[in-house]
Amino acid sequence: MHKAKKVNVRNVIRLVFLAAAAAAAVAVYLLIHSHPEKPKLFHYILSLRIPTLVCMVIASISIGAATLIFQSIVNNRIVTPALLGMSSIYSFLHTAAVFVFGTGSSLYLNANLSFAVDLVTMGAVGTLIYWYLFRATGHNILYIMLIGTVLSSLFGSTQSAMIRVMDPNEYDALLTTLVADFNHVNGEIIALAVIALAAIGFLLRKELKLLDVITMGRDQAINLGVDYDHVIRRLLFGVVLCMAVATATIGPVSFLGLIVANLSRQVLKTYKHAHLIVGASLMGMLALIGGQLISQHIFHFTVPVSTFVTIAGGVYFLYLLLVKKGAY
Amino acid sequence: MNVQDLIKSYGHKTVVNEVSFEVPKGKVLSLIGPNGAGKSTVMGMISRLIARDAGVIQFEGEDLSKWKSKELAKHLAILTQHNNVQMKLTVRELVSFGRFPYSGSRLTDEDHDMVDKAIAYMELEDFEDRYIDELSGGQRQRAYIAMVIAQDTDYVLLDEPTNNLDIYHASNLMRMARRLCDELGKTVILVLHEINYAAFYSDYICAFLNGKIAKFGPVEEVMTRENLKEIYNVDFEILNINGRPLTIYY
């Protein structure tokens with residue numbers, strides 16, 4: 001048996017273990033201190049926990065997939081869409097919508113409509129910006145990083161400028177939808193988020209199969225018959241939308257994508273994106289659900305999950321840069 | 001393959017200016033010339049890696065841009081120097097990618113046969129389970145050539161394949177290019193810096209100067225003192241070894 005096949009079998013086993021661990025985390029999260037002996041309380045607790053859980057699962061899948069796809073497009077594994085300002089573009093667009101139409105408009109009051117508008121504008125604006133960046137710089141990742149960082153602060157400052165001139169009441173209302181976090185997830189949009197993710201997966205099914213070849217670099221991909229520019233544009237569109245879904249459901253979690261994508265690559269040691277994406281999604285679930293468990297039951301909500309993720313992510317990022325020097 | 005009036009400019013600088021030539025089928029053709037003469041850009045355009053500004057590239061009777069990329073990948077393979085794969089990939093997996101235009105990621109028995117043959121042809125059996133980032137430059141280059149062989153195309157384009165290789169590996173690689181033509185009947189087009197490799201291993205030479213073709217023809221016709229002086233602006237001595245013209249310059 002060839003090594004490649006052995007690696008394949010090994011990875012399937014590892015993924016099954018990961019899935020089992022994620023399932024266990026889900027069970028613990030739902031059932032811990034849930035007082036099943038008091039049915040009313042039990043139902044109430046579950047009605048609080050299930051939307052949070054579903055949002056975390058949706059976010060894990062979108063962040064894992066978006067980061068892996070993006071890294072493979074740019075052929076660099078310490079870059080994440082969040083670092084390039086995709087989350088801040090989302091916050092900017094969301095704020096701009098409220099700023100222009102006001103919190104009294106149906107655009108704001110109907111969470112699903114608001115999310116749909118966010119998805120459309122984000123899909124259009126994000127894809128345009130990053131696609132243009134790719135073309136203008138000739139896929140030079142250093143330039144894209146630099147411009148992405150600048151864009152990130154540009155959109156961040158523009159957003160805060162808008163907030164400053166906003167009516168304080170409107171700002172207060174905006175903040176609850178803008179800064180989603182794990183303790184008040186955006187539960188209303190779950191159905192739409194799931195539909196959006198499924199639609200992305202369906203629309204990009206052909207392109208996703210090309211990811212393995214895309215990772216070989218532009219020249220090799222074209223040599224092997226990939227319509228490169230077209231495929232990259234569509235994949236970027238998918239990445240931008242996934243980031244929008246993740247940011248809308250649980251808010252910006254900057255380092256999560258970096259951690260799960262790299263852990264997945266490190267554990268699975270393969271180029272097969274079918275495995276890598278599943279691995280990253282499962283690790284995302286483990287990280288978020290585990291973090292939420294610690295935050296809820298050990299720190300009693302005094303420390304939010306994003307703090308753990310940021311601290312762990314920062315350390316891991318330094319480890320990747322300094323110890324592994326960007327290699328596997 | 002027939003190239004007519006190919007033009008490419010970057011900003012105000014025209015790097016390829018009305019280049020026309022016909023690629024002799026089933027032969028080895030080397031593109032040579034000083035830095036910036038346009039040879040690599042021409043190679044990029046005839047392999048569809050670089051978009052052309054103007055001109056026609058007829059490939060098997062149809063314009064190159066009319067070909068479906070996937071269909072073209074079964075007829076024409078290009079190997080460039082930009083091959084830093086950032087992933088864990090064994091030699092065998094790399095070679096298997098050569099079958100991607102035919103079967104995608106799900107290889108048939110026939111594909112596996114082709115991969116086996118390509119690995120055997122490049123004598124990579126001992127390495128086939130090694131990761132390519134663990135190989136030396138020469139071994140890695142052989143793995144990529146094996147991938148091109150597995151791709152099973154009539155045309156094989158190699159852009160500066162001897163770069164970064166020592167003399168042993170470079171001359172082996174040139175012999176391999178020759179074998180691809182003689183044994184497998186492929187049309188091989190190379191971009192080369194080392195003119196003696198071009199002179200010794202190819203049938204035809206196309207010499208570029210300032211974005212135009214300075215000389216095009218069989219090796220013996222192009223490799224003369226006058227021609228080389230004109231192209232490189234350096235004095236050459238031409239020797240005859242094994243019936244092939246070889247140059248000395250310093």
Side-chain angles (χ1 to χ4, degrees), chain A residues 1-8 10-11 68 71-79 135 138-139 141 205-206 208-231 261-262 264-276 324-328, chain B residues 10 43-44 47-51 67-102 104-107 112 115-116 119 127-134 144 147-148 150-151 153 155-157 159:
Chain A
M1 193 155 75
H2 286 294
K3 186 168 174 184
K5 274 188 188 158
K6 281 185 208 156
V7 169
N8 227 358
R10 182 199 75 192
N11 282 346
L68 266 167
Q71 289 184 341
S72 293
I73 293 176
V74 300
N75 233 326
N76 183 313
R77 60 183 224 127
I78 51 177
V79 177
R135 299 228 12 186
H139 289 249
I141 188 57
R205 64 194 184 284
K206 278 189 189 151
L208 290 172
K209 282 189 191 146
L210 297 176
L211 271 174
D212 297 348
V213 181
I214 296 274
T215 323
M216 309 262 295
R218 176 178 180 274
D219 290 357
Q220 265 315 335
I222 294 178
N223 171 44
L224 293 174
V226 173
D227 187 354
Y228 192 75
D229 286 352
H230 175 75
V231 171
N262 279 294
S264 180
R265 287 179 197 273
Q266 221 174 349
V267 169
L268 299 176
K269 283 198 177 62
T270 179
Y271 65 93
K272 291 199 168 108
H273 286 77
H275 290 172
L276 287 174
K324 301 287 264 181
K325 300 199 167 54
Y328 284 85
Chain B
Y10 291 109
M43 185 71 133
S47 60
R48 78 190 177 300
L49 293 181
I50 299 177
W67 278 80
K68 281 204 162 157
S69 194
K70 195 159 189 174
E71 221 26 63
L72 195 57
K74 297 175 188 168
H75 296 274
L76 184 151
I78 166 84
L79 186 59
T80 62
Q81 288 308 297
H82 313 291
N83 291 315
N84 353 330
V85 172
Q86 295 250 348
M87 54 184 175
K88 277 290 178 194
L89 201 61
T90 66
V91 169
R92 197 182 172 78
E93 287 173 308
L94 178 76
V95 178
S96 303
F97 269 120
R99 301 307 295 169
F100 189 83
Y102 300 87
S105 317
R106 283 176 201 280
L107 300 198
H112 285 297
V115 172
D116 286 335
I119 287 175
F127 305 114
E128 65 172 340
D129 282 339
R130 291 263 294 278
Y131 285 117
I132 50 167
D133 57 358
E134 295 165 359
Y144 274 104
M147 176 184 144
V148 167
Q151 205 177 331
T153 55
Y155 286 73
V156 174
L157 280 50
D159 191 357

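Below, chain A is the first sequence line, B the second, and so on; all start at residue 1. Quick caveat, the model's predicted, so the values are computed rather than measured.
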Checklist entry - Which answer fits K209(A), side chain, backbone, both or neither, if we ask what part of it has an atom under 4.5 Å from a heavy atom of chain B? => result backbone
Checklist entry - Crowded around R106(B) CZ? As in, over 12 foreign heavy atoms under 6.0 Å? => result no
Next on the checklist: Between L89(B) and M216(A), is there a side-chain heavy-atom distance shorter than 4.5 Å?
Outcome noted: yes
Checklist outcome for this item: Taking every heavy atom of L224(A) against every heavy atom of G98(B), the minimum-distance pair comes out as CD2-CA, 4.2 Å
Checklist entry - Regarding T80(B) and D219(A), is there a side-chain donor-to-acceptor distance under 3.5 Å anywhere? => result yes
Next on the checklist: So for atom CZ, which belongs to R135(A), do other residues, nucleotides or ligands contribute more than 12 heavy atoms lying within a distance under 6.0 Å?
Outcome noted: no
Checklist outcome for this item: Closest non-hydrogen atoms of Y271(A) and E93(B), given as atom of the first, atom of the second and distance, are CE2-OE2, 3.0 Å
Next on the checklist: Please classify the contact between R92(B) and chain A as side chain, backbone, both or neither, with a heavy-atom cut-off of under 4.5 Å.
Outcome noted: side chain
Item to check | chain A contact via L72(B) - side chain, backbone, both or neither, heavy atoms under 4.5 Å | outcome: neither
Checklist outcome for this item: Honestly, the part of L94(B) sitting under 4.5 Å from a heavy atom of chain A is side chain
Checklist entry - Hey, are the side chains of D227(A) and K70(B) touching, using non-hydrogen atoms and a 4.5 Å cut-off? => result no
Checklist entry - Which heavy atom in D212(A) sits nearest to a heavy atom in F97(B), and how many Å separate them? => result O-CZ, 3.8 Å
Item to check | salt bridge (charged side-chain N to carboxylate O under 4.0 Å, His left out) partners of K74(B), counting only residues at least two apart | outcome: E71(B)
Item to check | A77(B): side-chain contact (heavy atoms from CB on, under 4.5 Å) partners, not counting sequence neighbours | outcome: N223(A), V148(B), Q151(B), T153(B)
Checklist outcome for this item: What one should report as the nearest heavy-atom pair of Q220(A) and L79(B) is NE2-CD1, 3.5 Å
Checklist outcome for this item: Value for OG1 (T90(B)) from NZ (K5(A)), rounded to nearest 0.5 Å, stands at 11.5 Å
